[in-house]
Student: 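The structure's right below; bear with me while I get my questions together.
Remember, it's a predicted structure, so these values are computed and weren't measured experimentally. First the proteins, then the strands, lettered A, B, ... as listed; each starts at 1.
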There are 2 protein chains.
Amino acid sequence: MHSKRKRDFICTSEVTLGLISGKWKPLILGYLSEQTYRFNELEKLMPDITQKMLTMQLKAMETDGLVKREVYAVVPPKVEYSLTDVGQRLAQLLNQLCEFGEDYMTSTLGSSDA
Amino acid sequence: MHSKRKRDFICTSEVTLGLISGKWKPLILGYLSEQTYRFNELEKLMPDITQKMLTMQLKAMETDGLVKREVYAVVPPKVEYSLTDVGQRLAQLLNQLCEFGEDYMTSTLGSSDA
DNA sequence: CCGTATCCTAACCGATACTG
DNA sequence: CAGTATCGGTTAGGATACGG
């Protein structure tokens, strides 16, 4: 009874994957799930990311409702990023992906074509 | 106590994401989680995929240990694809992504910037 | 400090044609 | 039937420079 509807069903996974797809999103999600960070703090946590990419990924996640952006009207500028409730739930899901990843790496150590 | 190790931990999620990343992999995973399919059956299930992409994604998934490929020495050729145990477990995980995706679409209907 | 804008490369993916 | 090979378009992402 699920053979025909499966395609639609599976496609909703791509909605979720779209929220995470992006080279730095999983990492950002991971950090922000711990605490609120300022823009340049995130930069320091991820030395390899460029300002452009950090801005883009944060903006995308904000648009997707995962991240909350708070601007303080001070000089020098201060902007804080935190996860929304949805973002936190997605971060939880990401943890499950981590668990699978760890298990996968373990269970495929004795693979024949590794 | 987990703030410094978090980065390594989160990065293992990218291992899992790497297994799913690919335009058609979630769909293929979904179909093969139901039953074994032949190459051209998968083609029919996904009318928009090209032979090249189907071959590539299947080969990648086979290399990753998600898919089992069985060749029958007959004419015309017959090749059957099925999920390995790891592949099945990943398909389960994909179902959770689906659930989140559905819930996400529902919970963001009343969003302010939709 | 927090971004934007521009340029450039590399990867992904589709269309098409060909092969065992 | 089940692939492989080649070409070409589109997009993600990095480097760098500039602006509020």
Side-chain angles (χ1 to χ4, degrees), chain A residues 10-11 13-32 35-64 66-82 113, chain B residues 10-11 13-29 31-32 35-64 66-83 113:
Chain A
I10 282 292
C11 279
S13 72
E14 285 162 21
V15 172
T16 310
L17 287 171
L19 300 175
I20 321 175
S21 82
K23 187 170 180 181
W24 305 97
K25 283 187 191 174
L27 220 37
I28 295 172
L29 233 15
Y31 282 125
L32 291 184
Q35 62 174 85
T36 295
Y37 281 111
R38 294 181 59 174
F39 187 87
N40 78 102
E41 288 175 329
L42 288 171
E43 271 192 291
K44 278 163 195 152
L45 287 169
M46 300 173 282
D48 292 337
I49 198 174
T50 61
Q51 288 178 335
K52 176 196 164 190
M53 283 313 296
L54 184 53
T55 303
M56 284 178 62
Q57 307 267 285
L58 283 171
K59 185 170 291 183
M61 294 168 78
E62 190 193 358
T63 301
D64 289 337
L66 305 176
V67 162
K68 180 167 173 244
R69 180 175 179 268
E70 261 181 309
V71 184
Y72 297 86
V74 296
V75 278
K78 175 181 173 181
V79 182
E80 283 187 343
Y81 291 92
S82 57
D113 63 324
Chain B
I10 282 293
C11 279
S13 71
E14 286 163 19
V15 172
T16 309
L17 287 171
L19 299 176
I20 321 176
S21 81
K23 186 169 180 181
W24 304 98
K25 283 188 191 173
L27 220 37
I28 295 171
L29 233 15
Y31 283 125
L32 291 184
Q35 62 174 84
T36 296
Y37 280 111
R38 296 181 57 173
F39 187 87
N40 78 102
E41 288 175 331
L42 288 171
E43 273 192 289
K44 279 164 195 152
L45 287 169
M46 299 173 282
D48 291 337
I49 198 175
T50 61
Q51 288 178 334
K52 176 195 164 191
M53 283 313 296
L54 184 53
T55 303
M56 284 178 62
Q57 307 268 285
L58 283 171
K59 185 170 292 182
M61 294 168 80
E62 190 193 358
T63 301
D64 289 336
L66 305 176
V67 162
K68 181 168 172 244
R69 180 176 179 267
E70 260 180 310
V71 183
Y72 296 87
V74 295
V75 280
K78 175 181 175 182
V79 182
E80 283 188 342
Y81 291 92
S82 57
L83 288 194
D113 62 326

Student: For the pair L42(A) and Y31(A), evaluate side chain to side chain contact (heavy atoms under 4.5 Å, CB included) and give the outcome as yes or no after the intermediate values.
Tutor: CA-CA 8 Å; L42(A) 288 171; Y31(A) 282 125; 4.3 Å; yes

Student: Closest approach of M46(B) and L54(B), non-hydrogen atoms and distance?
Tutor: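 Scanning both residues, the minimum pair turns out to be CE-CD1, 4.1 Å.
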
Student: Can you tell me how far apart CG (L45(A)) and CG (L27(A)) are? Round to the nearest 0.5 Å.
Tutor: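 Spacing of CG (L45(A)) from CG (L27(A)) equals 8.5 Å.
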
Student: Tell me, please, which residues at least two apart from T55(A) pass side-chain contact (heavy atoms from CB on, under 4.5 Å).
Tutor: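 Once residues adjacent in sequence are excluded, the partners of T55(A) under the side-chain contact (heavy atoms from CB on, under 4.5 Å) criterion are F39(A).
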
Student: What is the distance, to the nearest angstrom, from the CG atom on N40(B) to the P atom on dG3(D)?
Tutor: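 So the two atoms are 10 Å apart, to the nearest Å.
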
Student: Could you tell me how far apart K23(B) (NZ) and dA12(D) (C1') are, to the nearest whole angstrom?
Tutor: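 Taking NZ of K23(B) and C1' of dA12(D), I get 15 Å after rounding.
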
Student: How would nucleotides 15-20 of chain D be written as a contact map, 5' to 3', with B for base contact, S for sugar-phosphate-only contact and - for no contact, using protein heavy atoms under 4.0 Å?
Tutor: B----B

Student: Any donor and acceptor pair, going by atom type alone, linking the side chain of E41(A) with main-chain N or O of R38(A) inside 3.5 Å?
Tutor: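 Such a contact is found between E41(A) side chain and R38(A) backbone.
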
Student: Grab the two heavy atoms, one from K25(B) and one from I20(B), that are nearest each other, plus how far apart they are.
Tutor: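 Heavy-atom minimum between the residues: CB-O, 3.4 Å.
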
Student: Would you classify Y81(B) as touching base, sugar-phosphate or nothing, given that sugar-phosphate means primed atoms plus P, OP1 and OP2, and contacts are heavy atoms under 4.0 Å?
Tutor: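 Result for Y81(B) = sugar-phosphate.
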
Student: How would you list, by chain and number, every residue that makes a side-chain contact (heavy atoms from CB on, under 4.5 Å) with S21(A), sequence neighbours excluded?
Tutor: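 Result, side-chain contact (heavy atoms from CB on, under 4.5 Å) vs S21(A): none returned.
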
Student: With the threshold set at under 4.0 Å for non-hydrogen atoms, list the residues of residues 53-61 of chain B touching DNA chain D in residue-number order.
Tutor: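 Within residues 53-61 of chain B, the residues near DNA chain D are T55(B), K59(B).
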
Student: Could you tell me if the side chain of M61(B) sits less than 4.5 Å from the side chain of L29(B), heavy atoms only?
Tutor: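 Yes, close enough: below the 4.5 Å cut-off.
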
Student: Applying side-chain contact (heavy atoms from CB on, under 4.5 Å), can you list everything that pairs with K52(B), at least two apart in sequence or on another chain?
Tutor: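 K52(B) satisfies side-chain contact (heavy atoms from CB on, under 4.5 Å) with T50(B), M56(B) only.
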
Student: Determine which pairs satisfy salt bridge (Lys or Arg N to Asp or Glu O under 4.0 Å) with at least one residue from residues 66-79 of chain B, sequence neighbours left out, and list them in order.
Tutor: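 Applying salt bridge (Lys or Arg N to Asp or Glu O under 4.0 Å) to every pair that reaches into residues 66-79 of chain B, excluding sequence neighbours, yields K68(B)-E70(B), K78(B)-E80(B).
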
Student: Rounded to 10°, tell me the angle between the two end axes of the helix from dC1(C)-dG20(D) to dG20(C)-dC1(D), each built from five pairs.
Tutor: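 The end axes of the helix from dC1(C)-dG20(D) to dG20(C)-dC1(D) are about 40° apart, to the nearest 10°.
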
Student: Measure across Q57(B) and I28(B) and return the closest heavy-atom pair with its distance rounded to 0.1 Å.
Tutor: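 For Q57(B) and I28(B), the tightest heavy-atom pair comes out as CB-CD1, 3.8 Å.
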
Student: Over how many whole Å does the gap from E80(B) atom CD to dC1(D) atom P extend?
Tutor: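 Whole-Å distance recorded here is 14 Å.
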
Student: Nucleotide range of DNA chain C contacted by chain B, 5' to 3', under 4.0 Å to a heavy atom?
Tutor: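 Extent of the interface on DNA chain C: dC13(C) to dG20(C).
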
Student: Quickly work out the M46(B) CE to dA2(D) P distance and round it to whole Å.
Tutor: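 From M46(B) CE to dA2(D) P: 13 Å.
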
Student: If we only count heavy atoms from C-beta on, is the L58(B) to Y81(B) side-chain gap below 4.5 Å?
Tutor: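 Yes, side chains in contact.
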
Student: Evaluate the side-chain proximity of L32(A) to L66(A): yes if any heavy-atom separation is below 4.5 Å, no if none is.
Tutor: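 SC-SC contact between L66(A) and L32(A) ruled out.
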
